[in-house]
There are 2 protein chains.
Amino acid sequence: MHPLRKHIEEIIPLTDEEFAYIFGHFQSIKKRKHQYIVQEGEVVSKEFWVITGCLKSYFFDHNGKEHILQFGLENWWITDYESFVKRTPSKIFIDCLEDCELLYITYDDREKLTTQLHKMERFWAKKSKYGRIALQNRILSLLKNSAKERYDLLLEQYPQLFQRVPKKLIAAYLGVSRETLSRLGE
Amino acid sequence: MHPLRKHIEEIIPLTDEEFAYIFGHFQSIKKRKHQYIVQEGEVVSKEFWVITGCLKSYFFDHNGKEHILQFGLENWWITDYESFVKRTPSKIFIDCLEDCELLYITYDDREKLTTQLHKMERFWAKKSKYGRIALQNRILSLLKNSAKERYDLLLEQYPQLFQRVPKKLIAAYLGVSRETLSRLGE
DNA sequence: TCTAGATCACATCATATCTGTGACATAGCT
DNA sequence: AGCTATGTCACAGATATGATGTGATCTAGA
């Protein structure tokens with residue numbers, strides 16, 4: 001079974017025809033390490049789904065320091081939702097940390113698909129709710145937890161990340177310095 | 001004096017006002033190693049001029065082998081002229097081999113500039129002629145010279161290239177294998 | 001059949017980048 | 001005032017990636 005089908009069916013069951021119809025709205029691309037899929041300033045018209053590989057979405061603050069919003073691993077969705085939904089220029093970058101194989105759906109195709117297949121509306125609504133909860137928890141964690149606690153939480157939730165991406169990026173995600181992160185693991 | 005002014009004045013003299021007017025049609029960008037300035041499939045609307053850095057324009061043949069059309073070093077112009085002039089999707093990629101600082105002029109601005117400032121028409125006409133001659137010579141060289149002869153010619157004309165870009169790219173430019181190139185230097 | 005050059009496999013080297021760690025600075029808490 | 005958590009700076013060693021050279025073979029064309 002196609003991994004996207006498996007992914008969607010974790011939330012809503014699909015017939016073969018439905019999946020074929022949905023899948024027809026996606027296109028696939030390969031990108032290599034260092035390539036961007038979203039750049040600051042552009043209006044993002046695609047939502048990506050990671051088949052294989054690893055990406056980061058990030059921006060630079062006024063001191064030129066990098067902050068990571070999200071990593072994208074296998075079976076994750078990634079885009080700049082603000083730009084994608086509001087049709088405004090993006091404030092962020094998304095690029096590949098490894099060679100990647102991605103599926104994407106354009107804004108228009110996603111609109112069409114949701115109106116024509118009500119199930120997908122439900123799918124995305126659910127995804128969106130869970131995404132919102134995750135963001136909220138991250139904010140809470142940033143407010144109330146120490147660096148060590150945030151480190152432990154991340155390590156517990158996504159141990160693979162620590163094997164896969166450079167520690168300085170984990171640090172930029174947790175909001176601590178590279179050196180402090182290194183000392184947290186002691 | 002701005003390097004672009006120096007570059008243009010090697011062909012046509014300019015007043016301060018003229019250069020300021022010309023310069024107003026250009027924009028500057030920085031790109032880092034691995035970033036694309038042109039990708040296959042897009043209609044290229046910019047012509048780039050290299051302030052600092054190094055780029056390659058290239059494509060892949062049906063065997064997935066990379067072939068290099070042109071390198072871009074300081075004071076060189078680079079774009080996909082076919083796409084730029086004919087407004088058709090590009091068949092090539094151009095990306096940065098080093099961090100780069102570039103100037104670019106858009107198609108429309110170039111059109112405006114040439115109609116409004118006749119000198120620039122002369123400038124580009126001359127550039128274009130010389131570019132054409134260079135291309136023709138490259139074809140001749142590919143047809144009649146051995147790999148060793150092509151290697152020697154390139155080494156004579158652009159010795160800096162050999163210091164600056166990986167040998168496998170020199171090979172992809174000369175149309176020989178990496179290994180053969182390595183043995184040519186003996 | 002000789003030659004120029006390709007392809008494959010491998011070893012060595014160079015470079016970039018990642019990672020840990022000491023020394024020290026600083027801001028907020030108690 | 002002094003403690004704690006964290007940041008910043010500098011440096012050194014570890015690791016990974018890519019660049020380079022070279023032998024062994026293979027092939028197409030003069």
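Here the structure is a predicted model, which means the values were calculated and not measured. Any value given below was found using the heavy atoms of this structure, including those in side chains, with hydrogens, waters and symmetry copies removed. Chain letters run A, B, ... following the sequence lines, proteins first, then strands; residues in each count from 1.
When the side chain to side chain contact (heavy atoms under 4.5 Å, CB included) test is applied to A:Thr88, the partners found at least two apart in sequence or on another chain are A:Glu82, A:Lys86. For B:Glu111, there are no side chain to side chain donor-acceptor pair (under 3.5 Å) partners two or more places apart in sequence or in a different chain. Residues passing the side chain to side chain donor-acceptor pair (under 3.5 Å) test with B:Asp61, sequence neighbours excluded: B:His67. Every residue meeting the side chain to side chain donor-acceptor pair (under 3.5 Å) condition with B:Glu9, not counting sequence neighbours, appears here in chain and number order: B:Arg5.
Counting 5' to 3', DNA chain D first comes under 4.0 angstrom of a heavy atom of chain B and last does so at the ends given by D:dA19 to D:dA24.
Of the residues in residues 156-173 of chain B, not one comes within less than 4.0 Å of DNA chain C through any heavy atom. Listed by residue number, there are no residues of residues 54-63 of chain B with a heavy-atom contact under 4.0 Å to DNA chain D.
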Are there any protein N/O atoms within less than 3.5 Å of an N/O atom in nucleotides 4-11 of chain C, and if so, which ones and at what distance?
from  : atom 1 : to       : atom 2 : distance (Å)
C:dG5 : OP1    : B:Ala147 : N      : 2.7
C:dA6 : OP1    : B:Ser177 : N      : 3.4
C:dA6 : OP2    : B:Ser177 : N      : 3.1
C:dA6 : OP2    : B:Ser177 : OG     : 3.1
C:dA6 : OP2    : B:Thr180 : OG1    : 2.7
C:dT7 : OP1    : B:Lys65  : NZ     : 3.4
C:dT7 : O4     : B:Arg183 : NH2    : 3.2
C:dC8 : N4     : B:Glu179 : OE2    : 3.1

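Aromatic ring pairs are classed by plane angle as parallel below 30°, tilted from 30° to 60° and perpendicular above 60°; the pair A:Phe26 and A:Phe23 is parallel.
Taking Ile, Leu, Val, Met, Phe, Trp and Tyr as members and joining any whose side-chain heavy atoms lie under 4.5 Å apart, directly or through other members, A:Met1 forms no hydrophobic cluster with any other residue.
Between atom CZ of residue A:Phe123 and atom CD1 of residue A:Ile11 there is a gap of 5.0 Å, rounded to the nearest 0.5 Å.
Inter-residue side-chain proximity for A:Phe93 and A:Glu66 is flagged as unmet; no heavy-atom pair is nearer than 4.5 Å.
Within the structure, salt bridge (charged side-chain N to carboxylate O under 4.0 Å, His left out) contacts touching residues 157-169 of chain A (residues at least two apart or in different chains) are A:Glu74-A:Arg164, A:Glu98-A:Arg164. Every pair passing salt bridge (charged side-chain N to carboxylate O under 4.0 Å, His left out) that includes a residue from residues 114-129 of chain B is listed here, sequence neighbours excluded: B:Glu18-B:Lys119.
Residues B:Phe84 and B:Phe48 place their aromatic rings such that the two centres sit no closer than 6.0 Å.
Taking atom NZ on A:Lys33 and atom P on C:dA16, their separation rounds to 14 Å, with Å as the unit.
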Listing, residues 29-37 of chain A side-chain donor-acceptor contacts under 3.5 Å, not counting sequence neighbours, or none:
from    : atom 1 : to      : atom 2 : distance (Å)
A:His34 : ND1    : B:His34 : ND1    : 3.3
A:Gln35 : OE1    : A:Arg32 : N      : 2.9

